[in-house]
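Lettering follows sequence order; numbering is per chain, from 1.
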Amino acid sequence: MIDIRILRESPEIIKEALAKRAYRIDLDAILTLDTSRRQTVHEVEQLRAEQNRASEEISKLKRAKQDAASAIAAMKTVSDRIKALEERVRETEQQLRDQCLVLPNIPHESVPVGPDESANRLERSWGDVPQFDFEVRDHVEVGQRLGILDFDCAAKISGARFTLSRGAGALLERALINFMLDVHTHQHGYTEILPPFLVSSACMQGAGQLPKFAEEAFRVEGRDLWLVPTAEVPLTNIHRDEILSAEQLPLKYTAYTPSFRSEAGSYGKDTRGMLRQHQFNKVELYKFTTPEQSWDELESLVRDAETILQRLGLAYRVMTLSTGDMGFASAKTYDLEVWLPGQGRYREISSCSNCTDFQARRANMRYRRDKKPEFMHTLNGSGLAIGRTVIAILENFQRKDGSVLIPNALQTYMGGLEIIKRG
RNA sequence: GGAGAGAUGGCCGAGUUGGUUGAAGGCGCACGCUUGGAAAGCGUGUGUACGUCUAAACCGCGUACCGCGGGUUCGAAUCCCGCUCUCUCCGCCA
């Protein structure tokens with residue numbers, strides 16, 4: 001959420017931010033609501049003060065066994081007036097909140113301005129794109145020939161955009177989860193969390209998924225519960241409505257969860273294989289920091305995610321997303337894109353964002369440095385998306401005979417398995 | 001699923017014939033005194049938000065907040081209704 005005071009005092013900052021993101025929102029309407037709210041609130045409070053004074057008088061009269069009927073009658077009208085005004089305050093505040101909740105975060109000045117992914121900026125690359133002396137297969141073909149990925153069976157069970165992993169394929173997913181969690185907890189200092197996979201609307205709103213992106217998530221019928229679209233949602237809400245002490249920050253959490261996404265509006269996009277699924281596994285990184293720490297912490301968070309790709313020996317590049325490609329809650333986002341031989345291009349495998357105080361305002365998460373509590377900054381990143389890592393391994397480490405080499409770092413997690421062969 | 005109990009400040013815990021209770025008391029915490037130093041003891045202080053004041057902030061002033069949301073009333077932590085959560089017992093279940 002945007003600080004209403006910024007909008008009130010320096011509306012040009014918000015206007016510019018919206019322009020960069022190509023959002024069209026009527027800020028003047030919001031400002032009018034804000035003014036009207038403050039006026040009405042003031043009026044109510046004046047009346048309440050009067051009511052409180054009178055109430056004290058009535059109390060005294062009653063105790064002195066004197067007649068208070070006239071004073072009570074006089075306050076009746078004040079009371080009615082307060083009720084009417086309070087109703088108006090409620091309405092105005094609701095409208096104001098509704099409108100503020102759809103305002104996106106303000107992009108950081110270092111973010112390239114542009115309409116879409118074409119304006120993203122390359123930061124660096126790592127690793128060599130592998131060369132093959134045979135015709136490469138994509139992960140669907142590799143996986144199906146090895147009998148470890150079964151899309152037909154998944155379709156039978158659940159429909160389109162699901163995958164069933166079998167044997168070494170299932171083991172590979174599990175190994176990747178364990179490997180990533182181990183690296184982040186043992187080497188990068190994150191605390192492992194296993195959160196609920198169903199969350200309330202309040203959590204979804206705190207993380208910025210609601211109200212704007214309801215159609216992209218799955219909701220449990222008849223209950224106020226949503227399937228997590230990312231572990232970011234439960235992790236954000238761990239400290240909802242809390243005031244931490246400055247010494248506790250930064251707090252670093254990592255969590256494995258499945259991620260459920262309806263992928264509404266992506267019909268016909270990435271329909272082949274397990275690139276875009278309704279359900280995929282992910283190990284997430286999440287940080288709560290002070291405003292001073294957050295930009296450095298974003299850099300280290302990206303490096304933590306990069307470590308995984310490096311340890312697996314997968315070529316990748318780091319992109320800074322442009323204002324047009326960036327997520328709603330983010331002030332700056334780096335995407336890690338892994339090389340996929342089956343597609344002959346880089347594809348997103350991790351997205352690392354500094355949401356600054358945007359989620360902290362929505363979820364009311366503060367810390368105390370001196371006297372006054374201040375909003376924290378929150379950061380999140382995939383470390384990494386497991387499904388896409390499987391794709392990358394199957395495609396990058398495939399051999400002419402259809403077998404796939406297991407990266408060294410993963411072998412101990414797979415019972416010493418060095419190679420996945422047919423049968 | 002059935003029956004019952006409960007939800008008050010960082011924590012514990014008073015307050016239910018509605019009326020100076022933001023809320024007794026205790027613990028904790030902070031500062032000061034005391035001490036060679038510490039403990040004990042003594043004293044003072046110790047929520048948040050919004051509004052207002054201010055160049056801004058502090059302070060001050062006002063308002064709200066006793067799980068959440070409504071209602072009754074001149075006035076609600078206290079009464080009524082709905083919801084959420086926690087606990088106990090029974091049933092079911094991994």
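- Residue-level contact check: A:Lys62 touches the bases, meaning some heavy atom is under 4.0 Å from a base atom.
- Comparing B:G62, B:G47, B:A49 against the side chain of A:Pro373 picks out B:A49 as the nearest.
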_Before you tell me yes or no, could you show the steps for A:Asp224 and A:Ser200 under side-chain hydrogen bond (donor to acceptor under 3.5 Å, both in side chains), namely the whole-Å CA-CA distance, both residues' side-chain angles and the distance that decides it to 0.1 Å?_
CA-CA 6 Å; A:Asp224 180 31; A:Ser200 66; 5.2 Å; no
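- Remark on RNA chain B: of its neighbouring residues A:Ala73 and A:Arg368, the 5'-side contact belongs to A:Arg368, judged by nearest-heavy-atom nucleotide.
- Between A:Trp295 and A:His108, the ring planes are tilted. Angles from 30° to 60° get that label.
- Set against B:C74, B:U48, B:G19, the side chain of A:Gln51 has B:C74 as its closest nucleotide.
- Contact check for A:Ile349 versus A:Tyr316: no side-chain heavy atoms found under the 4.5 Å cut-off.
- OP1 or OP2 of B:A49 has at least one side-chain nitrogen or oxygen of A:Arg366 nearer than 4.0 Å.
- Counting to the nearest Å, the C1' atom of B:C50 and the CZ atom of A:Arg97 are 14 Å from each other.
- Distance check on atom P: B:U84 versus B:G75 gives 29 Å, rounded to whole Å.
- Considering only side-chain atoms of A:Ile58, the nucleotide from B:U48, B:G62, B:G19 that sits closest is B:G19.
- Under the 6.0 Å cut-off for aromatic ring centres, A:Phe280 and A:Phe260 do not qualify, their centroids lying 6.0 Å or more apart.
- Of the candidate nucleotides B:C58, B:U63, B:G51, B:G51 has the atom nearest to the side chain of A:Arg38.
- In terms of heavy-atom proximity, A:Arg362 sits nearest to A:Met1 at CG-N, 3.3 Å.
- With RNA chain B read from its 5' end, the first of the two nearest nucleotides for A:Arg48 and A:Ser55 is the one closest to A:Ser55.
- When heavy atoms are screened at a 4.0 angstrom cut-off, A:Arg8 is found touching the sugar-phosphate backbone but no base atom.
- Among the atoms of the strands shown, none is found under 4.0 Å from any heavy atom of A:Gln46.
- Distances from the side chain of A:Ser79 to the nucleotides B:U73, B:C50, B:C74 place B:C74 closest.
- Checking B:C74, B:C50, B:G75 against the side-chain heavy atoms of A:Ile72 singles out B:C74 as nearest.
- Nucleotides B:C11 and B:C92 place their C1' atoms 37 Å apart, quoted to the nearest Å.
- When the P atom of B:G69 is taken as reference, atom CD of A:Gln94 falls 12 Å away, rounded to whole Å.
- Taking atom CD on A:Gln39 and atom C1' on B:U63, their separation rounds to 17 Å, with Å as the unit.
- No contact: A:Arg53 has no heavy atom under 4.0 Å from any strand.
- Only the P atoms considered, B:A5 is 14 Å distant from B:C79, to the nearest whole Å.
- Heavy atoms of A:Ala54 sit nowhere under 4.0 angstrom from any nucleic acid atom.
- Look at CZ on A:Arg369: it is 17 Å from P on B:A57, rounded to the nearest Å.
- Distance from the side chain of A:Asn52 is smallest for B:A64 among the nucleotides B:U48, B:C50, B:A64.
- The side chain of A:Lys83 lies closest to B:U73 when the candidates are B:G70, B:U73, B:G51.
- Using C1' as the reference atom, B:C29 and B:C87 are 30 Å apart when rounded to the nearest Å.
- Two rings, from A:His184 and A:Tyr253, have their centers 6.0 Å or more apart.
- Between the CE atom of A:Met365 and the P atom of B:U48 there is a distance of 19 Å, given to the nearest Å.
- For the P atom pair drawn from B:A23 and B:G4, the interatomic distance equals 38 Å after rounding to whole Å.
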